[in-house]
Structure formats: structure tokens, C-alpha cells
Amino acid sequence: MRCSSISPASKPNCRLWLICVLSIWALNADAKIVLTVPHEVSLSPNTHTQQLSMSWLGGDAATFDVIILRTEFNETVFYDTVSATVNPMSGRHQWNWTSVEPLECTSLSIKIRSRDGQTTSEWSNTEILQGKDVPSEINFQMYPQDRIVPVGTNTTFCCIVEEGTEFAGMNYSSTVMKVKRLSRRTYASTVVNQKASGRTGTNVVCSSKYKQSLTGAVVFVGYPPQPTDFVCETYDLVSAVCRWKEGRNTYLHGKRVTRYSVNKRDCPKEGSNKCSFSQWDGNWTLVAVNPLGHSSLTDSAEISHRVCPVAPVDLGAVVHAWDATVMWKWTYKYSLPLVCQVELTNSGYNTKLIFTGVGLQSVVLSNLLPYEDYDLQVRCGAQKNFWKWGNWSDVFTFRTKSSAPDAPDVWMWMNRDNTGLVVWKPLTRLQSHGLIKRYKVTLCDPKEEQTCIKSLPPGTCSVPVNLTQLASFRSDNKVVATVTAENDAGVSQPAIIRLHLTDVEPPTLSRAVYTDNSFPLVWQHQANVTCSYVVEWHDATCSHDCHVEWIKVAAGSTNITVESDNFQPGVRYNFSLYSCPYDSPQKKQCWQGYMQELTPSRPVPLSVTQEGSSVVLTWGEIPLVDRRGFLLGYNVYSNNGFKLTLLANLSDPGARKFKVQGLSASSYKFTVKAYTSAGEDTGSTVSIMLERNIYQLILEMLLSLGGISIFLIIVTIICYKKRKWVKKAFYPDIPEPKLPGDWSRTQGPLNVKPSHHSLVHIVERPDQDSKEALVVIPEQDEDDDGYGIGDEPVDTDEPHSLRYYNHVVDERPIRPRFPDSSASSSSSMDSAHTDVTYTGIQTSGTSLVFQLDPQGSSEGHHPQVDQGVHCGAGGDYQPQMHPMASNIDTSLASPDPFLESQASNCGGYKPQNSWHLDSPTEACERSSLAPSLGSPTSVASTQFLLPDGEECGEEKRQLSSASTWFTNLLSSTKP
Amino acid sequence: MAGRRTRSMNGASLDSVRTSAARTAAIAAQLQQECSILLELYRKREGFSADVADGRLVSVPPSSSQLETRDKLWRLHSALLQCYSLLERAIAKEEVELGGQEEGEYEKQRRTVKDRLSFLLISTGELLKAADSTTVLTPSLEGLELDGPTTVFELKLWVYRIFKEVDHWTKTAISTLQELLSGVAKARPRTMRFRSTRNTRR
């Protein structure tokens, strides 16, 4: 570019410059040729470190290009320019390469060339580092074997499968690994951030297909050693023992375990963590080594500052009752001041005592208790420059000697008959000072100068006394009891008590409340009392030779908490405070209390009496032993057998009576339950039958009868006074029939005897059972077919009907309203042709009731004989049936009171509707009235057979049998 | 294999053989149970499956139905002796390689199996004596690979194989001893008949 800008005159200069550049390029070309090609390349692999050391001869170049390839797949593993060091002796260049994969995995090809800047030589000849996957190595292999690596590192494993098999997979412990193929037979996988392995290492397993064979390797992952607390000390003021702690777990064991040395002297293997030396050396160095690294610790000290005496041996003692001298020996002679600790254990309690002295070998233990077992241990340390306590000696046991026992704690129980008990508390182990052999009780009678001594075995704690036999008691109540205890070592001091009975009851009886497992008792300070107190308690229900407990209280005290294992729930205890108990006992105060109140165990004894319409419940007292608590009152219940109803809560525990008032004559039950703070008892129940007063009953009956009589009289009077209205209302005059012609009525009685031409034929319905239906047929000549009244060949029931018919006709003359019978008439009183048909066919008495069969009525106009026997069987009255339809259709209405009565007798009839006592005429005129009448039945009555019956025939059907009956009743009274 | 000899049992030793065989069978049954536990513990610790490390380490003459009872016993005794030697060696190598200071469940079970195998060996030895009333020739351990493997993984497989060998030969012991017991039971009536006949002749 620059040449193109210059003038043609300057062309020679440009050419010169070009020549210069070419000359320099030619010189550089000559230099490239000068770089020596590396030769005599030598490979030196370290399979453990996976390091390949290569050396070569290669001229003066300082840098070299190194290329490493996997031979089989010709894959580049490494290609870079490296600086090689030159061995001055051999003049060989040397460079080390560390492989990620074990060097055995596959064959590697290495080439090197010299480099000088951008100038490189030719590549050297390829050197091959043979792997273990060459055909000559046919075995199934894995690398690396038994590798030990720190926690957190990455390790690449390779597996070389057998010839002729196929790779199946690799597992690191139980984890399947991702693999990469390095060669025809080699597969590799890298485990990253490895965790610490177990005691036997981590297995890496490679398996192949087909043959089901496997190979593997074990890798140990752990930590380098890190010991702590390295100190050296002396036990004998001559030798030294150095100790340390392992510190962090290395996770390496067996061959890989950490090895220790102190001052370059090997120490015992695993576990002991100590090293002994015969002489004290002021400076110590601990070195810990394992395959992953090493660590060192130092310690330096003067021997006098590191004295740790050994445990004392051969302990012995000179023992007395209250003290002992303990001696021991030393394994080494200690001529320095020592401080020793004595641990004394008695009955689970231990005490540590400190003693000092030069080379201490014995100590005196005081304040021991007689006849006690002691365990003792001793350990010592240097008093000056104290380093640490030495080891405890073996336990030494001794028992102190016996001593005279303590005086027993004595009290008394006096009965009202001047007998009683002298009681004392059994001596405890600490009071006995040895095995108690006996107790001695002495009763002194100063008047007679007699002494009565009783010797009692060790288990005894009371003796009965009878003061009435003692002269001193009879005169001035001065009888004294003395109790002593005796063991091997001697006799105790005497415990003296004056046997005295105080009859004076204290002014107050307070309640003692059990709190925090004790009864706290408080009393007023009494200035006149200068001696001590005793608080005594016993079961309140006991009165003779009671088991009494007591506790001494110091003079001037005003309270005490009473505890006892013998307190029982539900038991009342009496507490008494005595002043000057051993000289002139005087009862000062009393309390009563329960450890725990319970419900009474027994109900009150209950009785009941009647006082007029009241009941008086009275009950007795529950015995003290059964109260089991302070009674708070009584609950009175009314008891109906299932439920208690509270009548009264009597909060007065002294209540013994309760009156229940205003009761009527009946049976009653009452329950009374006493209750404490714990609740009610089970309760006592009494029952009583309250009886009514006989005079009162008679009076009530008379009053009732009088009332009824007055009522009837009033009704009678009203009916008499209003008889016209009654007649009009219940039995109005029947209007005359309106006849088309001149129908003079005959006033004489109607001969209702049926003529030979007036026939009522009762025949069987052709389509029904002969016994179930009777049919009224038109009159016919009796000779026509032989169906006469007297000789009808019908059921045996039928003649009864006919006979009844005749009977009715005889007694009840019926006036025919329609002299001109129609063709449909079924019966005629005086002519063979009449419009009136009488169907009052009845059975006599109770046998039959005629009713219309609804079916029959719907089919024709033939009344049927109902099953009268049904009535006797239970009454089949059916008020909802309206059987009159057929009856009215046949223009037949024959009311009969027996029907009603029969129905009633059957038990089935009950009037269903209100009915009007209006005349049929009125009823006919008011079409709406028909339903209001009761259910009519076919009765033998003429009263409602009206001329215009056809118009109100429907209404007639609605007449009830009751109205019919009433009509008949009025009719019969008609003039 | 040295000291091999064949001889039938005589009738006089039948009772002692029966007693000894029953006791030996009981020991073998106990060992078999303990060996199963040991194998299970080992599999669990090393993550090996049951089919790993098959192949025999113990070398004995092949079994045959033609062999007499005493030869079978001798073969069994020889195999158990080899098992014991291998087990001792395996334990020692394991302790050196992997440490043996701490005794866990596996180590206890391994010791139990070793002790029980020792009892079984003694018992089979006594059985051999009772069967023939002659001194039992000690089977040779020549040729037994007691050195074991060089890598830890191979050591683990080797130990596993040894445990499996112990298990296998314990089972074999049970079956052989049951066979022996049934043989004794069959032989006893014949002996009794023989004695009874001889007494009658007297």
C-alpha cells in the first residue's frame, strides 16, 4: 500500500525493502530446521499415583508439545505445550503427567515435539504405554485397586471386561455409575465428592453379561489423623506415660489404621492411645501417620508438675463405734505432700472427706454411727502443683461397733376403766446402735415400794397396764412407767412416763384438714406452759386399747404437721395436744379430721308414717365408722322407681325428720341420702300407701248422687213444660196424603193378615247363594208354581222371617197409603195389587238382621238377608254403608227398633252423623237434610211412606236407623 | 488325599455310632443355621448377592453312591477340615487387612461359626473312630489355597466363598449323617437277630 503511494522515482527503495523482508523470512526458515526432534522418549508410569514420567533427548528447546492419545480409539487425552526440566547429568528432558484415569485402563500413545515460540520440530516417534486391556490380558479387571483417598475427592475407576464378554455395568457401593468407554474392553466412571467409607471400605463392582462374572475394587475414603489432648505424666515420679485422644475418626482400619510414635518410638497399635517410657523426658512429640497424612503434637513439663499418684492399695481399718482409722499402702513411695479424698458411703448417702499429709497413708474418720456399714474409697494427688487426682482405690467396707441404744420414745393410752397401754416407738436402725435384745418396762408404785419389771422381746412396742391394782394410783395417781432398750453394747437411758388419765375434755374441738400429705395443726401459745408437748392421734371410732401414734413437740411450739403412713381414707382421726406429757400430761386441744373424706358406707335407717295427707320421714344416725366423712346434710327424694326427684336438701346434719305434705291417696316411695364432701351415700328408700278417709269418701258419693238427681228433675220439668215444643220438634203431625181420588180411610184396624192373594214371596236369588239373598217378587197366584207361605220349600231360616212378619202385622196395623198397588208392589195388605210393599221381615230376637247388600242393591231391588250370626260373632256394623238405595228404590221403608238394638248389641254401631228430628216431609223438602240423618235401615214403618216419596226417595235413603228408631218411638205413643 | 481306607462297621459299634452320629447331626444342624446367619450378615455388609463367588475351594474325592458309609464320612471329615483351615486363614487375613479390634455382630457370628465347625470336626472324627475303632488318619491339606488373594476385593470374595463352602459342607454333613443314621437303624435289627440266634445256639 505504501509502495503504491510513492512516486515512480522511489521504486528502487521499495524493491530494497522487499528484499530485506524476504531475507529475514529466509533466515527464519533456516532456524526452524534447527529445532531438534525429541528422541529416545522414555516412559516411566507410576500406577499408584497414576503419574506418567516421560524423558527424552531433544536439543536446546525449553518448551515441548506433548500429545497423549488413547491408542485404540485415537482419542486425545492430553495435548499441550509443557516446560520440561533437564537433568544436568544425563541431559534428558523430563516431564510428569498425572492421569485422571488409572494408567492400566487402556494403552496410551505419547508423542513429543520441540517448540520454540511458534517454531516446532517434527513429532517424535510414538511411544505407547500399554494398558491392561491388551489382548494378552484376558482377565476381568478393575483399576485402581485398594485406593485410599481423602473424603470429598473424585476417583475414576475403570473396568476391563473379559475377552468374549460384554460389559454390564458398574456400581459404587449400591449406586449405579455412569460409564464412559475408553477402549474396546475398557469402561470408566468417576465418583465425585466421595463420602467416608465403612470399616471394610467401599466396594466398586463391575459385572459382565452372559457369564455373570464380576470383578471389583475397594476404595477406602477417610481422613488424615488429627490426635488431640497429648499429655505425659508420671505415676511413680520416675517413669512417664503419654496419652492422647484420637480426635476425628479417620475411617481407616486394619492396614490403613493410624500409627503413632512418641519421640520417634512406635506406640502400640489401635485402641490404647498411650505410650510408656521408663524415664521422664521433659519434651515429648507425638506423630500420627496414616496413608492420607500425618499430624504431630508436642508436650513439655517438669516431672513434679505431672504427678498422678496411683490408686492406694491394701486398705484396712481400726473400727470403733463412733469412729475408725483407715490405712492404706502405696505401690510407689511418695515423699511429697499429698492431698487425699476419702469417699464414705453409708445407706446410699456418700460423703467426701479431704485429708493431707506427706506420703499420706492413714486417716481418722470420726462422727460415724454405731453398728453401721460403710464403703470407703481413697484417691490422692500432689498437694503442691496439683495435676490431677489419681485413680480411686478399690472399695473397702467396714462396720462400726455397737453402742448402747437411744432411749425409746414412750407414750400411753389410758382407757376409762383405768386400764391402758404403755406404748413406745420401735427403735430405728440409727437409734438401736446394734441389735436390740429386749425391752424392759418397769412400773413403780412408790407407796408400796414395789417394782414390777417386764422384759419384752425386741419386736414389742406396747404393754398393757392395770392401774387399779396399784396403791399409788388409788391415792394420788402417781404411777410411773419406765422403758429401756438393751443391745449387746448396753442398756439405753430410761424413758419415763407418768401414767395419768385426764377426764377433762378440752374446750374446743377443731377440724384438721389434710393438706400436702399431712395434717397441719396450730394452737395458741400458752404462756403458762413451759414444758414440751405431745400430739397424739388415733382412730376416732376406737375407744379401748387403741393404736395410738404420737409426736413430740418442743416447748414453745405452736404448730406441727402430722404425717403418718398409717392414715387411711374414710377414717376419722382424733388429734390431741398434751402439755408436759411426761410429768403431768394435760390435754390442751383436740382436732378431728379425715385424710380423705368418702361417701358414707351405710345409708340412714329410715322409717315413714302417715299423718293425714302428709307423710313424715324419720331417720336415725349413721354410725361414726360408716360416715367416712363429716356429714353435711341429707337429700330427700321422691322415688318413682325410675327416677329420683329431689324434694328437699337438708343442710343440717342433725336433721332427723322431714314432712311431705299434700299427698293424695296413692303409693309413694321416698329416698333419703346423707352426704359428705365426697358425695351422697347409696340412700335408704321407704314406700307407703296413702289411704283415703272413709267418711270423706261417703260424703263425696252422696254429693254426686244428689247432683245427678237434681239434674234429672230439672230436665224432667223442662221437658214437661216444653212438651209441645218437644212434640213439634221430634214428632210433628204427619200431613195427610194427597190422593187423586176419593180414598176414604177406614178408621178401623187394618186387617193385615195376608190373604191368599197377597203374597210375599221370598225366593232365592238365582244368581246367588240361596242362603244369602231373599228376593221380594211380585205377587202371583200361589198356585202358579207352588211358592206359598205355608209351604215354601226354602231354607229353614226363611219361615222364621215370615213368621216374624206375621207377628208384626198382627200387632202393628199398618195403614196402606197407596191403595192402588203398582205392578212392582211386592206385598199388599188388602188387595192383590197395592203400591206399598212391606219388607219389615225380621228375625225374632237375636238371630237375624236384614240388611241390604250393596251389591244386591246395585243389581236389583232385592233386599238380602244379612248374616245375623255375624253380630254374635263380633258385630259387623258398617255405618258407612248406605244400603237404603235399593230399599228406597223399592219404595219400601220399614224402620224397626230391633235393628238398631241388634246393631248396638253387636257392638258395632255408633251414630256417625248428627241427625234432625224433623219430619220426613220437611226432610224431603230440604234436600240438603238427607245426609244429616243417620243411616236408615229397612224397617216396618209406614210413617215416612209419603205420597211424593218418589221425589224425595233419595233423601230417604239418608235416614239413620237412630232417627227411625226415634220416629217409631214417637209413633207408638201417638193417639 | 492321604490315609484313605475302607472298612465296614461291625455290629458291636453300632450303638456308639448311632449316638455319635445323632450328636454330630445335631451339631451340623446348628452350624448350618449359624452359617446362614453369617452369610446373611456378610451379604448385607458387602452388598453381595447370593450368586456371587461360586466355585469350590475344598478339594475332596468325588462323591459316589458306590462309596461305603465310612468313606463318605471320611470324605466329609476331610472337607470340613479344609473348611476349618480356610476359615481360620480367612479370619486372620480379614483382621490384618480390615482390622479386628472392634467386635460387632458379624465378628461374633464368625467366631461362633468357627467354634461350631471345630466341634463338628471333632465330632465327625469321633464318629470315624467309633465306626472303625481305628485311629483316624488326618486328611491332608496339601494343595489348599490358604494364601488367599492379594487385593481387598478379592479377599472379600474369597472370604465369601469360604463361608459358602462351610455352608455347603455343613449341609452335606447333615445329609450324610442322616443317611448314616438310617443305615444304622436298618442294621440294628439284623444284629439283634444274629445275637439272638447265637444265644439260642448256646
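By convention in this document, chain letters (A, B, ...) are assigned in the order of the sequence lines, proteins followed by strands, and residues within each chain are numbered from 1.
Heavy-atom distances place both the backbone and the side chain of A/Thr200 under 4.5 Å from chain B.
Under the salt bridge (charged side-chain N to carboxylate O under 4.0 Å, His left out) criterion, B/Lys164 pairs with B/Asp54, not counting sequence neighbours. A/Cys308 pairs by the disulfide bond (SG atoms under 2.5 Å apart) definition with nothing, not counting sequence neighbours.
For the atom pair CD (A/Gln145) and CD (B/Glu154), the distance works out to 6.5 Å, reported to the nearest 0.5 Å. The CZ atom of A/Phe220 lies 5.5 Å from the CG atom of B/Leu98; values are rounded to the nearest 0.5 Å. Atoms CG and CG, from B/Asp51 and A/Leu214 in turn, are 9.0 Å apart once rounded to the nearest 0.5 Å.
Atom CD of A/Gln130 has 12 or fewer neighbouring heavy atoms from other residues, nucleotides or ligands inside a 6.0 Å radius. For A/Phe277, the CZ atom sits in a packed shell: over 12 heavy atoms of surrounding residues, nucleotides or ligands are nearer than 6.0 Å. Counting heavy atoms of neighbouring residues, nucleotides and ligands inside a 6.0 Å radius, atom CD1 of A/Ile138 does not exceed 12 of them. Within a 6.0 Å radius of CD in B/Glu105, no more than 12 heavy atoms belonging to other residues, nucleotides or ligands are found.
Side-chain contact between A/Val205 and B/Phe153 is present, with at least one heavy-atom pair separated by less than 4.5 Å. Counting heavy atoms from C-beta outward, B/Glu97 and A/His253 have side chains that stay 4.5 Å or more apart.
Using a distance-only test at 3.5 Å, with no hydrogens or angles considered, no donor-acceptor pair links the side chain of B/Lys156 to the main chain of A/Val218.
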